[in-house]
Amino acid sequence: MKIYVPRDAAARALGADDVARAIADEAARRGLTVEIVRNGSRGMIWLEPLVEIERDGRRLAYGPVDATDAAALLDGALPCHGTVEDIPFFARQTRLTFARVGLIDPLDLADYEAHGGLKGLRRALSMTPADVVAEVTASGLRGRGGAGFPTGIKWETVRKAAADRKYIVCNADEGDSGTFADRMLMEGDPFTLIEGMAIAGIGVSAAKGFVYIRSEYPDAIEVMEAAVRIARGAGVLGASVLGSGPAFDIEVRVGAGAYVCGEETSLLNSLEGKRGIVRAKPPLPALEGLFGKPTVVNNVLSLATVPVIFEKGAAHYAGFGLGRSKGTMPIQIAGNVKFGGLFETAFGMPLGDLVNDIAGGTASGRPVKAVQVGGPLGAYMAPAKFATPFGYEEFDGQGGLIGHAGIVVFDDSADMLKLARFAMEFCAVESCGKCTPCRIGSTRGVETIDRIARGDSSAIPILTDLCETMKDGSLCALGGFTPFPVMSALTQFPEDFACQKEAAE
Amino acid sequence: MRQDQPQPSVEDLKRIIDSHIHLEGPLLPILHAMQSAYGHVPQDAVPLLAEALNIGRAEVHGVMTFYHDFREVPAGRHVVKICRAEACQAVGGEALAEATLKKLGLEWHGTTANGAVTIEPVYCLGLCACGPAAMVDGRVVGRLDGARMDRILAEAGA
Ligand SMILES: Cc1cc2nc3c(=O)[nH]c(=O)nc-3n(C[C@H](O)[C@H](O)[C@H](O)COP(=O)(O)O)c2cc1C
Ligand code: SF4
Ligand code: FES
């Protein structure tokens, strides 16, 4: 009997290790032979630890399971959700990037291949580099790290650059609050990322890749390092990819607790062993990136989506989505929600459907006040904006951004002034220090919001001006976009900024 | 972490440097290795690193201080990192953090008088659908409340 108990960090944070141990002990007590597979998470975090028991070829799902439930679980006495595929939250998804996450044993290469793994890489190996890049361009894939830049165009720049060395750098710094898709993918299906990076290497003729993972993700680091070793041992990586291709190898590197190192040029400096100061562009990293060499910098999800594009064809991928937002997006639903987790779907679903329908509204049962989409630099959106379809241009049109597709839901107890203050404080803590409006302006921002909180309404126009200065005078989006959460809070929820003094008068 | 860890000798530090120096961009991996061995990056390492990497001492120091992770002095025996970011705030993370600090009589980054626990802020642990979240010596915990935090602190000897 096979029993799946996730090793995903969220499942572990909710007791999955204890559950796995308790099941093993209980099985031993009964003389049962069970194989416990530590899979990735199926993405329904409110059901974690979600345990699946394979019987007659069907995987029946139970959860949340507590360590004290082990006996009942083996007796078949726990309430069963049916199969994961029966659960509405899962059934409504279109899983392309996340197709294997939670389904397979993350570190079993044979299991990976049995579920379509390496097919894309084999196809890419039969193509010319130019055709590899053209396939990515045709898929319409855009960068999933936040900026939404077309991946194929970036690769083409690197492909055409002449150099003795080129690099593929995977940005796994995932610092945005409300996001965890990179983590889940690395913990649940690391070979997909390796395969995507190898295809990128073939496309642009790079022989070396780095995965830069934030230090806050010890579980992901462990799984990625193990997966790279296994892939190297099996000849997927190494002197000749799959024994017939060019050389490509990967090294895992660990960040050191700096949010700004998610910005691609800061990340490159960090990899080089320098302070993570943002570099001015140009030169583009595609031309002068890591150690001055042409470099592809892509988010985990961008690279991990490449294998399915090659497996199923660019047209298949581009067939999903809305307008210029092609394909699917692994949306992360977080904060005060009934059903939080990972929901991969074609672009285009209205924000309100995601919040009220998929996420089931707030966990507290109180009305939704605001939703922050796209991490700490993303705008707060009031329910008045819930008709906005989930897409790059659509959110931009509403003064927001989808970023890395995290949705953080707040109920009506949220204090928008406090959240605006937090945005400024975060910017001050994490600023790389290069631009004055970001470094100094954010600290002024905190002080100004404190003045407003004390009842000084004359500080409101000062805050507005300060936000303008930060927008105009910042080199990167940390200083440049912090005004989004601040101003969206101020303009949509002015009552939270109405001064106490006036209220008292 | 671990104030009771041995002070490294120059030879120990050199050994760590030597085992990473072949890497492309070895500085961060070396700093991580020292921190994981000794709970901080000893001051003695700075001139050694400057020499090995052929950069100035100020540059080495600049890198060490730029990153929140690297410590110049050891933390308490256990480090509890509490998430301060938005998704955890949405489910009461701020109140939990404030109550924890208040109970221990600490500010952020502070260490209890008995050296048992250091409390650090962290900005997201990727556990945003099961907050409030924290990390205790590298082990993640989700859906924290006051009672669970008390248990964690008691186990850590705070
Ligand atoms: C302050 C800041 C933080 C960022 N953090 C991340 C991050 O954690 N992960 C990421 O992939 N991109 C992040 N980005 C975006 C990167 O600069 C870059 O656009 C991205 O890695 C490119 O990959 P993509 O085209 O696949 O999205 C950040 C940008 C800024 C300005
Ligand atoms: S905006 Fe802030 S983080 Fe970005 S480069 Fe300028 S100082 Fe650095
Ligand atoms: S916001 Fe706290 S874990 Fe992500």
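Side chains are part of it too, since the values below use all heavy atoms of this structure and drop only hydrogens, waters and symmetry mates. Here is how names work: the chains are called A, B, and so on, in the same order as the sequence lines, proteins then strands, and each is numbered from 1.
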Nearest heavy atoms of B:C124 and A:S177, plus distance in Å: SG-CA, 3.8 Å

Restricting to non-hydrogen atoms, name the atom on B:L27 and the atom on A:G273 that form the minimum distance, rounded to 0.1 Å. CD2-O, 3.2 Å

Heaviest contributor of heavy-atom pairs below 4.5 Å to chain A, chosen from B:G62, B:G25, B:C128, is B:C128

Any idea which of A:F410, A:F180, A:F422 has the most non-hydrogen atom pairs under 4.5 angstrom with chain B? A:F422

Determine which residues belonging to residues 11-23 of chain B lie within contact range of chain A, meaning some heavy atom pair is under 4.5 Å apart, and list them by number or answer 'none'. B:L23

Taken to the nearest 0.5 Å, the spacing of B:K81 NZ from A:S215 OG works out to 5.5 Å

Within residues 367-375 of chain A, residues adjacent to chain B where the heavy-atom gap is under 4.5 Å: A:Q372

Only pairs of heavy atoms separated by less than 4.5 Å count here; which of A:F291, A:W46, A:F210 has the most with chain B? A:F291

Please name the pair of heavy atoms, one in B:H68 and one in A:G257, separated by the smallest distance, quoted to 0.1 Å. CD2-O, 2.6 Å

Would the distance check show the side chain of B:Y67 and the main-chain N or O of A:G276 forming a donor-acceptor pair, the cut-off being under 3.5 Å? yes

Over 12 non-hydrogen atoms of neighbours within 6.0 angstrom of NZ in A:K293: yes

Distance col, row A:E425:CD vs B:Y123:OH, nearest 0.5 angstrom, shows 5.5 Å

With a strict 4.5 Å heavy-atom criterion, list every residue of residues 82-92 of chain B that contacts chain A, or say none. B:R84, B:A85, B:E86, B:A87, B:Q89, B:A90, B:V91

Could you tell me which non-hydrogen atom of A:G255 sits nearest to which non-hydrogen atom of B:H32, and how far apart they are? O-NE2, 2.7 Å

If one checks every heavy atom of A:C261 against chain B at 4.5 Å, the contacting part turns out to be side chain

Which residue pairs pass the side-chain hydrogen bond (donor to acceptor under 3.5 Å, both in side chains) test with at least one member in residues 250-261 of chain A, sequence neighbours excluded? A:D176-A:Y259, A:K208-A:E251, A:E251-A:R253

Portion of A:F426 that has a non-hydrogen atom of chain B nearer than 4.5 angstrom: side chain

Out of A:E272, A:M184, A:R183, which one racks up the most heavy-atom pairs below 4.5 Å with chain B? A:R183

Does A:D164 CG have over 12 foreign heavy atoms under 6.0 Å away? yes

Select one option (side chain, backbone, both, neither) describing which atoms of A:A9 are under 4.5 Å from chain B's heavy atoms. both

With respect to chain B, which residue among A:G175, A:G433, A:G178, A:A220 yields the maximal number of heavy-atom pairs within a distance under 4.5 Å? A:G178

Could you measure the distance from the OG atom of A:S270 to the CZ atom of B:F66? Nearest 0.5 Å is fine. 8.0 Å

Is B:R57 atom CZ crowded by more than 12 heavy atoms from other residues, nucleotides or ligands, each under 6.0 Å away? no

Counting heavy-atom pairs under 4.5 angstrom with chain B, the leader among A:R214, A:Q332, A:R12 is A:R214

Contact class of A:V337 relative to chain B, heavy atoms under 4.5 angstrom: neither

State the CD-SG distance between A:E48 and B:C130, to the nearest 0.5 angstrom. 8.5 Å

Check whether more than 12 heavy atoms from other residues, nucleotides or ligands sit under 6.0 Å from atom CD of B:E72, and answer yes or no. yes

Quick one: what part of A:P376 sits under 4.5 Å from any heavy atom of chain B, side chain, backbone, both or neither? both

List the atom of A:Y212, the atom of B:L28, and the distance in Å for their closest heavy-atom pair. OH-CD2, 4.5 Å

Where on A:I277 is there a heavy atom nearer than 4.5 Å to chain B: the side chain, the backbone, both, or neither? both

With a 4.5 angstrom heavy-atom cut-off, which part of A:E222 approaches chain B: side chain, backbone, both or neither? neither

Considering non-hydrogen atoms only, spot the tightest contact between A:A13 and B:L127 and give its length. CB-CD1, 4.1 Å

What part of A:V409 lies closer than 4.5 angstrom to a heavy atom of chain B: side chain, backbone, both or neither? backbone

